[in-house]
Amino acid sequence: MTFRLAFAFTSTALLLVGCFRSRSNEPTPDGGTWCGPPPGEVCCTSEGPLDFLDGRCPFACPHGSWQTSSAACSFPRDGGVPRTDGGLDAGLCPAVRASFTCLESFVAPANERFELPVSFDECGCCAEATCGVDVDVRSRTLHLTTGLCPDPCDCDACHTPVARCAVPGLPRGDWRVEVNGAPAFVLPVSDADFFVPPPPACMRYAEDDGCDASDPISSGRPDPITEVCVDLDRASARGHVAWAVNDGCGGCAREGICGAVVMERLTDDLPPGGDIFLEPRRYFGACDGACPPACFETEQLCPLPTLDPGGFYRVYVHGALVFSFTEGQGRACGRVAP
């Protein structure tokens, strides 16, 4: 089983899938076997829970429905667009689009409530951030509304403001995430139990070009990077970041998704650490019109998951090894082979 984000490295993660959750079958009073969801769970659709199950064994919810708790399936029947409590709280802070999401394991649990962190690419002392969530089940889209309040504190600290979005149980599959009305990234949702979970990853959201016709998730293409740097000197706000540089003809292309996965090294042929896989992408806005010929340097910032102190890391861009470094040595850079 694999899940698909908007870039190539994601197929690696679910190669680590272990066994799936088993569904128990309950005996009937006459000694037979009746197959159905566990107590307290239902087969849910965008119109609400199913009233009839065919009882086939092993049990599985019919096509077009998913297994979840009764509470998670109590959607208002308004065309399959349930609204969580978080959506009502989104107006507490002025609307500011969040910038990226980092997860210790880049997958969300199917049919279970979870929190999706969203981070803002700026320094804060004790700034409050908010997030509201709308779920469109039919299109498998999470609509996030993020906000950032003025920082009431005056200090020299530089912390990344983070809001935690309360998301109801979702059926398994790939879910598009839109942030403040613009496509941002794809979130895999899986009902699998993992012997080894998918690795930690960060996803920087695609740039919003203000055009409803643009789709940076599906139309993004790999950015032809010429140099990449891992910046450890600017770690006070975001943690570690990678700077992907394209000194060729950037033209009118806009920043798409930038994904960063860190695979822990499990072999002893190299010092402890891991491999960093970067997938910076760019896209052309549907409302930008013709692109005049222009060649200039562009940069794309890609937040990284937490790195181990003193770890030895290799950096790959679009699957090709570029350079290696030891965490803690400061800014490290490598040129991409032509």
Side-chain angles (χ1 to χ4, degrees), residues 3-13 96-103 106 116 118-122 139-144 146 174-188 201-231 238 241-262 276-305 315-320 322 336:
F3 60 77
R4 299 179 307 278
L5 299 185
F7 43 87
F9 67 75
T10 53
S11 61
T12 305
V96 176
R97 191 172 188 252
S99 304
F100 63 94
T101 287
C102 290
L103 295 174
F106 209 90
L116 182 66
V118 297
S119 301
F120 296 80
D121 187 16
E122 56 185 87
S139 66
R140 290 182 177 265
T141 302
L142 289 180
H143 299 278
L144 307 185
T146 63
D174 290 341
W175 283 75
R176 288 172 58 92
V177 180
E178 295 188 355
V179 179
N180 289 21
F185 68 105
V186 174
L187 177 70
C202 292
M203 186 69 67
R204 184 171 180 84
Y205 308 155
E207 177 185 359
D208 177 12
D209 70 346
C211 176
D212 291 339
S214 295
D215 187 1
I217 294 178
S218 61
S219 64
R221 58 178 177 81
D223 195 8
I225 299 302
T226 55
E227 183 181 25
V228 63
C229 295
V230 175
D231 194 338
R238 311 176 195 86
V241 295
W243 295 92
V245 179
N246 179 352
D247 60 10
C249 295
C252 302
R254 297 177 179 269
E255 288 190 14
I257 295 167
C258 185
V261 170
V262 175
I276 300 172
F277 295 90
L278 297 175
E279 289 286 343
R281 303 180 76 85
R282 299 188 71 81
Y283 76 100
F284 289 93
C287 299
D288 289 342
C291 181
C295 293
F296 50 86
E297 182 179 279
T298 60
E299 287 188 352
Q300 187 170 4
L301 182 149
C302 306
L304 301 179
V315 179
Y316 293 79
V317 178
H318 302 311
V322 178
V336 176

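Since the model is a prediction, treat every value here as computed from it, not as a measurement. Heavy-atom basis, side chains included; hydrogens, waters and symmetry copies ignored.
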Gap between atom [atom2] of [Y] and atom [atom1] of [X] - 0.5 Å precision:
X: Tyr283; Y: Ser219; atom1: OH; atom2: OG; answer: 7.5 Å
X: Phe185; Y: Trp175; atom1: CZ; atom2: CH2; answer: 13.0 Å
X: Glu299; Y: Ile225; atom1: CD; atom2: CD1; answer: 9.5 Å
X: Phe100; Y: Cys202; atom1: CZ; atom2: SG; answer: 6.5 Å
X: Ser214; Y: Asp208; atom1: OG; atom2: CG; answer: 9.0 Å
X: Leu144; Y: Leu187; atom1: CG; atom2: CG; answer: 9.5 Å

Compare all side-chain heavy atoms of [X] with those of [Y] and state whether any distance is below 4.5 angstrom.
X: Leu304; Y: Val241; result: no
X: Gln300; Y: Asp223; result: yes
X: Val261; Y: Phe106; result: no
X: Arg140; Y: Asp174; result: no
X: Thr146; Y: Asn180; result: yes
X: Pro183; Y: Pro216; result: yes
X: Arg204; Y: Ser99; result: yes
X: Arg221; Y: Phe284; result: yes

If every non-hydrogen atom of [X] is compared with every non-hydrogen atom of [Y], which pair is closest and at what distance?
X: Ile257; Y: Ala184; answer: CG1-O, 3.4 Å
X: Leu278; Y: Ala242; answer: CD1-CB, 3.8 Å
X: Ala260; Y: Pro303; answer: CB-O, 3.5 Å
X: Pro280; Y: Val317; answer: CD-CG1, 4.3 Å
X: Met203; Y: Gly259; answer: SD-CA, 4.0 Å
X: Pro222; Y: His318; answer: CB-CE1, 3.6 Å

Show your reasoning for whether side-chain contact (heavy atoms from CB on, under 4.5 Å) applies to Leu142 and Glu178. CA-CA 6 Å; Leu142 289 180; Glu178 295 188 355; over 6 Å; no

Is it true that a side-chain atom of Arg282 and a backbone atom of Gly220 form a donor plus acceptor pair closer than 3.5 Å?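 Judged by distance alone, no pair lies under 3.5 Å.
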
Taking the SG atom of each, are Cys302 and Cys258 under 2.5 Å apart? yes

Below 4.0 angstrom, N of the basic side chain to O of the carboxylate: do Arg176 and Asp215 qualify?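 Counted as a salt bridge, because a side-chain N and a carboxylate O are separated by less than 4.0 Å.
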
For the residue pair Thr101 / Tyr205, report whether a side-chain donor-acceptor contact shorter than 3.5 Å exists. yes

Start with the C-alpha distance between Val177 and His143, add both sets of side-chain angles, then the distance that settles side-chain contact (heavy atoms from CB on, under 4.5 Å), and finish with yes or no. CA-CA 6 Å; Val177 180; His143 299 278; over 6 Å; no

